[in-house]
Amino acid sequence: MSDTYYEFGTPAERWDRAGFFFDAKEYMTAARILDGLVAEAPEQVAPRLLLARAYYHSARLGRAETELLAVLERDPVEHYARLMLGRTLERQGRRTEAAPHLRMAAAMSGDLPEVR
């Protein structure tokens, strides 16, 4: 498939297209589209978070980690990015690094275990 297909359309059309590919579990294709959107508007969190998810699901964990760190730099209280970063680190066998992110995500979402 030609790269021009991924560049075609407005940012909103490409965002929709990326979502369709993501929902169809075509994570690599979604990532190609989202990569262009992130390059155009690096300050926007939503495309970067979906790009991180696409990388995670396609087992490109280093790239997922990079995008998640960028999301958290822009929005430190984005609890889903914190959760995903923890899971990404766990999946890479880095449980010690993952633990604080997973605890923070649980605290931010209210999923802490009850204290008795």
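Keep in mind that the numbers below use all heavy atoms, side chains included, and drop hydrogens, waters and symmetry copies.
The cluster map of Ile, Leu, Val, Met, Phe, Trp and Tyr, joined by side-chain heavy atoms under 4.5 Å apart, puts Leu89 and Leu49 in the same cluster. Trp15 and Val38 fall within the same hydrophobic cluster, where Ile, Leu, Val, Met, Phe, Trp and Tyr residues are linked whenever their side-chain heavy atoms come under 4.5 Å apart, directly or through other members. A continuous path of Ile, Leu, Val, Met, Phe, Trp and Tyr side chains, each step under 4.5 Å between heavy atoms, connects Tyr55 with Phe22, placing both in one hydrophobic cluster. Residues Val77 and Val71 are members of separate hydrophobic clusters, defined by side-chain heavy-atom contacts under 4.5 angstrom among Ile, Leu, Val, Met, Phe, Trp and Tyr. Linking Ile, Leu, Val, Met, Phe, Trp and Tyr residues whenever their side-chain heavy atoms come within less than 4.5 Å places Leu69 and Met84 in a single cluster.
Of all non-hydrogen atoms in Ala52 and Ala64, the two that sit nearest each other are O-CB, 3.6 Å. For Pro100 against Thr96, the heavy-atom pair with the smallest separation is CD-O, 3.3 Å. What you find for Ala59 and Arg91 is that their closest heavy atoms are CB-NH2, 3.8 Å.
With a 4.5 Å cut-off on side-chain heavy atoms, Tyr80 and Glu78 count as touching. Looking at heavy atoms from C-beta onward, Leu102 lies in side-chain contact with Glu90 at the 4.5 angstrom threshold. For the pair Leu34 and Phe21, the minimum side-chain heavy-atom distance is 4.5 Å or more. Residues His101 and Leu83 are not in side-chain contact: their nearest non-hydrogen atoms beyond the backbone lie 4.5 Å or more apart. For the pair Glu65/Arg94, a side-chain contact is recorded, criterion being any heavy-atom separation below 4.5 Å from C-beta on.
By the 4.0 Å N-to-carboxylate-O rule, Glu73 lies too far from Arg48 to be salt-bridged with it. The residues Arg14 and Glu40 are annotated as salt-bridged, a charged nitrogen and a carboxylate oxygen being separated by less than 4.0 angstrom.
The structure places CG of Leu85 at 8.5 Å from CE of Met104, a figure rounded to the nearest 0.5 Å. Put simply, CZ on Phe20 and OG1 on Thr29 are 14.5 Å apart, with the number rounded to the nearest 0.5 Å.
Formation of a donor-acceptor pair under 3.5 Å by the Glu13 side chain with backbone atoms of Thr10 is found in this model. The backbone N or O of Pro76 sits less than 3.5 Å from a side-chain atom of Arg82, completing a donor-acceptor pair. With Arg63 contributing its side chain and Tyr56 its backbone, the two residues share no donor-acceptor pair below 3.5 Å.
Taking the six-membered ring where tryptophan is involved, the planes of Tyr27 and His57 are essentially parallel, since the angle between them stays under 30° and well short of 60°.
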